[in-house]
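These values consider heavy atoms only, across backbone and side chains, with no hydrogens, waters or symmetry-generated copies.
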Amino acid sequence: CVTATIADRAMQWLRSWGLRPTPQRFAIARALLSSPSGASISHISEAVRDEVGGVSDRILLKHLQIMREASAVESLEGPVTLYVARTSQF
C-alpha cells in the first residue's frame, strides 16, 4: 500500500475542488490537511510563511474565502475561527 505524501494529497485536494494550485493555496491546503480538526488563521499563516515566505493575513483570508466559495473549506465560528478542509469529494 502506497501512502500519498501530504504534498500529493494537497495537490489532489486542490484539483478535486477545481482550485488552481498557486503556491499560497498549496501551502494553505497542506496546513489544512495537516489539521483535520481545524486550523486557526495564525496556524495557517505560520505554516504558509514557513513554506512560501511573507504573505499577509489579508491575502490568506482572500484565498480562504475563494476556497470557501468553492465549498472546499468550512469555517467554524467560535472564540477562534477554525478552518477545516472538506474532504468529501477527495
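Atom CD of E46 is surrounded by 12 or fewer heavy atoms from other residues, nucleotides or ligands within 6.0 Å.
For Y83 against L32, the heavy-atom pair with the smallest separation is O-CD2, 3.4 Å. Contact detail for L60 and S45: the closest heavy-atom pair is CD1-CA, 3.4 Å. Taking both residues in full, the closest heavy atoms of H43 and S35 are given as NE2-OG, 3.2 Å, listed atom of the first, atom of the second, then distance. For the residue pair L82 and S40, the shortest heavy atom distance occurs at CD2-N, 3.7 Å. Residue A7 comes nearest to R30 through the heavy atom pair CB-NH1, 3.4 Å, listed as atom of the first residue, atom of the second, then distance.
Side-chain contact between I6 and W13: absent, with no pair of heavy atoms (C-beta onward) separated by less than 4.5 Å. Residues R86 and W17 form a side-chain contact, since some pair of their non-hydrogen atoms from C-beta on lies under 4.5 Å apart. At least one side-chain heavy atom of I41 sits under 4.5 Å from a side-chain heavy atom of L64.
Here the CZ atom belonging to R49 is positioned 7.0 Å from the OG atom belonging to S56, to the nearest 0.5 angstrom.
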Could you list the donor-acceptor pairs under 3.5 angstrom formed between side-chain atoms of residues 19-26 and any protein atom two or more places apart in sequence or on another chain?
unit_1: T22; atom_1: OG1; unit_2: R25; atom_2: N; d: 3.1
unit_1: R25; atom_1: NE; unit_2: H63; atom_2: ND1; d: 3.2
unit_1: R25; atom_1: NH1; unit_2: R20; atom_2: O; d: 3.2

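The hydrophobic cluster containing V73 does not contain L76, counting ILVMFWY residues as joined when their side-chain heavy atoms lie under 4.5 angstrom apart, directly or transitively. Tracing side-chain contacts under 4.5 Å through hydrophobic residues (I, L, V, M, F, W, Y), one never reaches V84 starting from L33; they form parts of separate clusters. A continuous path of Ile, Leu, Val, Met, Phe, Trp and Tyr side chains, each step under 4.5 Å between heavy atoms, connects I59 with V52, placing both in one hydrophobic cluster.
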